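Beneath this line is the structure, given in structure tokens, with notes to follow.
Being a predicted model, the structure only gives us computed values, none of them experimental. Here is the naming used below: chain letters follow the sequence lines, and residue numbers restart at 1 for every chain. Side chains included, hydrogens not; waters and symmetry mates left out as well; all remaining heavy atoms used.
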Protein chains: 2
Amino acid sequence: MALGTDYAQQDCSLARALEVVGERWSLLIVRDAFYGVRRFNDFLVHLDIPRAVLTARLRALVEAGVLRKEPYQDGPVRYEYLLTEAGLELWLPVHALARWGERHAAEHASHTVFTHDACGNRISPVGICVPCGVAVAPAHVVMRPAPGDRRSPRTDPVTLALARPRALLTPVLTEGQH
Amino acid sequence: MALGTDYAQQDCSLARALEVVGERWSLLIVRDAFYGVRRFNDFLVHLDIPRAVLTARLRALVEAGVLRKEPYQDGPVRYEYLLTEAGLELWLPVHALARWGERHAAEHASHTVFTHDACGNRISPVGICVPCGVAVAPAHVVMRPAPGDRRSPRTDPVTLALARPRALLTPVLTEGQH
DNA sequence: CCACCTCAGTCTGGTGAATGAACTCACTCG
DNA sequence: CGAGTGAGTTCATTCACCAGACTGAGGTGG
């Protein structure tokens, strides 16, 4: 990737993947994209990331073919960032890593439950719905805060919008911020 | 984690996981550990990583419970670094990410094939052997260079040792270097 | 028994990336 | 007209990464 993260000597597909999504913030941006975050400002307030870094990461992810930039209004042209096909395939590693973090590194974090929209059962770490016996595509995954979970301390509109049950990839609405 | 990589505001298990394995080199060290690399010097020559960084990463991974340090000789006491239970569970995210990289980011890298030791069939990106219908534990996964693959340009003893078919987690032998 | 080697580090100084805050710019709304 | 919004850019400071030199405990070999 651009910024000095090139693992030049590592002749390995994991190293190549990490050049694309291995930098600080990159995978969190991708996760947010799965959650339905699409706009610069929404990533900004939800991730608490420096603007310059967000600009750089979004550009890099677009260049790498993980995200694409789509105009969504004219006035001043504004773009939203959507996952490409390749980006959508990151669901498996992202989900597997998050499940690992939940088991081994996140005693004190809020947990999120991911279920299959068709049947309501939880998705396994490898992204399949065991009762249905199918791999569940992100669009058919419903996320909700784990029952009895303490509320996240964050109060930005994106966090609030994500706190109610919703399917992945549905756009976050930040209209009602008035 | 130690070094400023703390995503403090992100109340999410993916962020927690990335605090443990999200730093530059961390996942490559874990991958090498799956490949059977155990000793400081072997990580060093295989990864081409600055010594100070390797020291810091190994310490952080041990503190995080991903690796543990075991003495393997007395004279001057030397330690080797082995995956813990928690570390072994990183196999799924590591493998999924490597498969993603292979498909989307690694046209020009050497590929490695991972097969099930019992039947010889390839392991799916989610770590299961489809014909056998079982999740294959790392110890039962055999790695080998993809057939017809161009040789890696690296010539260090660790790379050479890894170039012949072998089960994951079997220690790399660097005795015969003379 | 002195020179050299191995392993696993630590130390050092330089470079480049990440950070937060302030600034820009085009446009809209009241 | 003035305030607000969305998406940036610029800047100074901090901090992590880097290559390479050095350390130190214990072999090895002539």
Leu54(A) CG to dG20(C) P, straight-line distance once rounded to whole Å
13 Å

Are the charged groups of Arg38(B) and Asp32(B) less than 4.0 angstrom apart, N to O?
no

Parallel, tilted or perpendicular, judged at 30° and 60°: which one describes the rings of Trp91(A) and His95(A)?
parallel

Side chains of Val113(A) and Val142(A): does their closest heavy-atom pair fall under 4.5 Å?
no

Going by heavy atoms in the side chains, are Thr84(A) and Val62(A) under 4.5 Å from each other?
no

Between Glu80(B) and Asp74(A), which residue's closest nucleotide on DNA chain C lies nearer the 5′ terminus?
Glu80(B)

Contacts of Pro50(A) and Gly75(A) projected onto DNA chain C by closest heavy atom; the upstream (5') one is Pro50(A)

Protein-nucleotide distance (Asp48(B), atom CG; dG20(D), atom P), rounded to Å:
11 Å

Listing time: all N or O pairs from protein to nucleotides 8-12 of chain D that are below 3.5 Å?
unit_1 : atom_1 : unit_2   : atom_2 : d
dG8(D) : OP2    : Tyr81(A) : OH     : 2.8
dG8(D) : N7     : Arg51(A) : NE     : 2.9
dG8(D) : N7     : Arg51(A) : NH2    : 3.4
dG8(D) : O6     : Arg51(A) : NE     : 2.8

Within 45° cone and under 6.0 Å: Arg39(B) NZ/CZ vs Tyr72(B) ring
yes

Side-chain N or O of Trp25(B) closer than 4.0 Å to phosphate OP1/OP2 of dA16(D)
no

Pair up each side-chain donor or acceptor in residues 123-140 of chain A with any protein partner under 3.5 Å, not counting sequence neighbours, and list the distances.
unit_1    : atom_1 : unit_2    : atom_2 : d
Ser124(A) : OG     : Val126(A) : N      : 3.2
Ser124(A) : OG     : Ile128(A) : N      : 3.4
Ser124(A) : OG     : Ile128(A) : O      : 3.4
His140(A) : ND1    : Asp117(A) : OD2    : 2.9

Please state how far atom CZ in Phe43(A) lies from atom P in dG6(D), giving the value in whole angstrom units.
15 Å

Given atom CD of Gln73(A) and atom C1' of dT28(C), what is their separation to the nearest angstrom?
10 Å

Rounded to whole Å, CD1 of Ile29(A) lies from P of dA7(D) at a distance of 14 Å

Rounded to whole angstrom units, what separation is found between the CG atom of Leu44(B) and the C1' atom of dT6(C)?
13 Å

Which of dG26(D), dA18(C), dC7(C) is nearest the side chain of Pro76(B)? It is dG26(D)

Could you tell me whether Glu80(B) and Arg78(B) make a salt bridge, using a distance below 4.0 angstrom between a side-chain N and a carboxylate O?
no

Separation of atom CZ in Arg24(A) from atom C1' in dT19(C), rounded to whole Å:
9 Å

Return the value, rounded to whole Å, for the distance between atom CD of Glu23(B) and atom P of dA16(D).
8 Å

